[in-house]
Amino acid sequence: MASKTYIVEHLDDELGPWSELEYLTIARESHEAGAKFCLSSVPPSLELPATLKAAPGFTADGQSVEVLYAQDKSHICLLDPSATKELSPEDGSTFDVFLFGGILGDDPPRDRTSELRKKGFEGRRLGPKQMTTDTAVRVTRMVVQEMVPLEKISYVDYPELRINKNESTEMPFRYVKGSNGEPIMPKGMVDLIKKDSEKGFGDLF
Ligand code: SAM
């Protein structure tokens with residue numbers, strides 16, 4: 001089948017440093033895997049960070065995914081934590097576009113993916129636990145491009161990050177386990193988490 005496209009529909013009003021690091025990582029990994037990455041629904045008023053605009057593999061579009069693919073939705077798969085079917089390697093032959101909500105995770109999850117579900121895309125789940133957007137794209141790529149079944153992927157759930165000598169924070173997400181046994185996170189994310197947790201997380205996830 002044709003090469004894969006990963007679309008993140010930007011659903012937040014802003015694009016803060018957490019999203020920037022996640023999107024940079026998705027752009028780089030998609031590019032390395034010979035896939036395309038598009039950040040859709042970017043409002044004209046939103047000035048994208050220069051690092052993102054310059055990243056190989058990064059493209060942005062002001063239109064929403066519905067408009068971009070108005071002709072035919074049947075080859076688009078929405079990665080949806082509430083879908084009843086799990087993503088499988090065979091889905092790589094059915095779909096060539098994989099759609100994700102550009103939403104920072106929250107705890108408990110507010111199901112903002114429903115904004116995309118309502119538009120009638122066929123959905124697949126990546127297991128029962130909430131992943132960060134870059135993790136969801138990474139897992140999808142492993143399943144549909146590398147043909148690894150979901151249950152064969154090693155994960156780290158809710159890792160504890162040490163902020164300083166006295167404090168640590170638990171990340172309320174599932175991550176892919178790297179070869180060093182640590183959760184795979186965007187470069188710079190651990191430092192950002194430490195910095196933000198000193199200020200108090202609030203609605204940062
Ligand atoms: N709290 C969320 C919500 O409001 O829906 C989940 C946001 S999650 C950080 C961002 C995106 O990653 C979701 O919109 C979805 O596309 C994808 N995602 C994350 N975990 C997933 C899972 N277990 N199954 C399917 N998709 C998932």
Side-chain angles (χ1 to χ4, degrees), residues 4-27 29-30 35 37-42 64-66 68-69 73 76-92 94-95 97-145 148-159 170-177 183-186 189 192-193 196 201-205:
K4 305 295 179 226
T5 300
Y6 301 106
I7 298 208
V8 174
E9 178 101 338
H10 190 65
L11 295 171
D12 283 332
D13 297 332
E14 295 170 355
L15 197 160
W18 286 53
S19 304
E20 179 182 349
L21 293 184
E22 290 194 4
Y23 295 164
L24 271 172
T25 303
I26 299 169
E29 291 184 0
S30 302
F37 168 47
C38 175
L39 185 66
S40 59
S41 241
V42 179
S64 80
V65 67
E66 269 178 302
L68 286 171
Y69 291 96
K73 278 195 206 161
I76 305 178
C77 173
L78 170 65
L79 282 302
D80 180 357
S82 298
T84 49
K85 230 173 143 178
E86 306 288 346
L87 186 75
S88 71
E90 294 72 51
D91 287 318
T94 312
F95 306 105
V97 177
F98 295 86
L99 172 63
F100 303 81
I103 314 157
L104 281 182
D106 40 23
D107 185 29
R110 278 180 294 167
D111 191 23
R112 290 194 48 214
T113 311
S114 60
E115 296 177 34
L116 294 169
R117 188 183 314 130
K118 279 185 214 140
K119 300 181 182 193
F121 296 104
E122 172 102 23
R124 294 286 187 271
R125 196 174 77 146
L126 300 167
K129 298 207 162 76
Q130 177 176 208
M131 298 173 177
T132 59
T133 310
D134 63 297
T135 304
V137 177
R138 181 173 303 114
V139 169
T140 300
R141 195 182 55 245
M142 291 170 80
V143 175
V144 301
Q145 290 193 235
V148 184
L150 263 188
E151 63 279 7
K152 295 268 185 248
I153 298 174
S154 302
Y155 302 103
V156 180
D157 293 333
Y158 313 132
E170 187 186 84
M171 302 306 292
F173 308 111
R174 163 169 277 188
Y175 297 86
V176 175
K177 191 187 272 189
I184 300 180
M185 290 188 190
M189 188 57 99
L192 188 59
I193 293 169
D196 284 341
F201 276 115
D203 198 24
L204 280 166
F205 287 131

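First listed ligand is number 1; within each ligand, the first listed atom is number 1. Residue numbers count from 1 along this sequence.
- No side-chain donor-acceptor contact under 3.5 Å links Lys85 to the backbone of Glu122.
- With Ile7 as the partner, the side chain to side chain contact (heavy atoms under 4.5 Å, CB included) test is satisfied by one option alone out of Ile76, Leu99, Leu39, Leu78: Leu99.
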**Q.** Steps toward side-chain contact (heavy atoms from CB on, under 4.5 Å) verdict (Met189, Met171)
**A.** CA-CA 12 Å; Met189 188 57 99; Met171 302 306 292; over 6 Å; no

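- Geometrically, ligand 1 and Gly127 share a nitrogen or oxygen pair separated by less than 3.5 Å.
- Closest to atom 18 (N) of ligand 1, if we only count protein heavy atoms, is Ala136 CB, 3.7 Å.
- Those atoms of ligand 1 that come under 4.0 Å of a heavy atom in Asp111, given as number and element, are 3 (C), 4 (O), 5 (O).
- With a heavy-atom cut-off of 4.0 Å, Lys129 touches ligand 1 through its backbone alone.
- The N/O atoms of Gly101, backbone and side chain alike, include one that comes under 3.5 Å of an N/O atom in ligand 1.
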**Q.** Steps toward side-chain contact (heavy atoms from CB on, under 4.5 Å) verdict (Arg138, Thr25)
**A.** CA-CA 9 Å; Arg138 181 173 303 114; Thr25 303; 3.4 Å; yes

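- Nearest protein neighbour of atom 21 (C) of ligand 1, counting heavy atoms only, is Pro81 CG, 3.8 Å.
- Checking only distances, Arg124 never comes within under 3.5 Å of ligand 1, N or O to N or O.
- Residue contacts with ligand 1, taken as heavy atom pairs separated by less than 4.0 Å, involve Asp80 solely via the backbone atoms N, CA, C and O.
- When only interatomic distances are considered, the shortest N/O to N/O separation between Thr113 and ligand 1 falls below 3.5 Å.
- In terms of polar-atom proximity, defined here as any N/O pair under 3.5 Å, Leu126 does make such a contact with ligand 1.
- Here the side chain of Ser30 pairs a donor or acceptor atom with the backbone of Ile26 at under 3.5 angstrom.
- The N/O atoms of Pro109, backbone and side chain alike, include none that comes under 3.5 Å of an N/O atom in ligand 1.
- Listed for the Asp12 side chain is a donor-acceptor partner under 3.5 Å among the backbone atoms of Leu104.
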Q) Should Phe37 and Val137 be marked as a side-chain contact (heavy atoms from CB on, under 4.5 Å) after you check the CA-CA gap, both sets of side-chain angles, and the distance that decides it? A) CA-CA 10 Å; Phe37 168 47; Val137 177; over 6 Å; no

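- The nearest heavy-atom contact from the protein to atom 15 (C) of ligand 1 is Leu79 O, 3.1 Å.
- Rounding to the nearest 0.5 angstrom, the gap separating the NZ atom in Lys129 from the OH atom in Tyr155 is 10.5 Å.
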Q: Just do the side-chain contact (heavy atoms from CB on, under 4.5 Å) check on Asp80 and Leu116 with the steps written out, would you?
A: CA-CA 9 Å; Asp80 180 357; Leu116 294 169; over 6 Å; no

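- Taking every non-hydrogen atom of Ile103 and a distance limit under 4.0 Å, the qualifying atoms of ligand 1 come out as 9 (C), 10 (C), 14 (O).
- Note: no N/O pair closer than 3.5 Å links Arg125 and ligand 1 by distance alone.
- A donor-acceptor pair under 3.5 Å is absent between the side-chain atoms of Arg124 and the main chain of Cys77, judged by distance alone.
- Between the side chain of Lys119 and the backbone N or O of Val65 there is no donor-acceptor pair closer than 3.5 Å.
- Any N or O atom pair closer than 3.5 Å counts here, and Met131 shares at least one such pair with ligand 1.
- Annotation: Thr132 places no N or O atom under 3.5 Å from an N or O atom of ligand 1; distance criterion only.
- Scanning Glu86, Gln130, Arg112 for the heavy atom closest to atom 7 (C) of ligand 1 points to Gln130.
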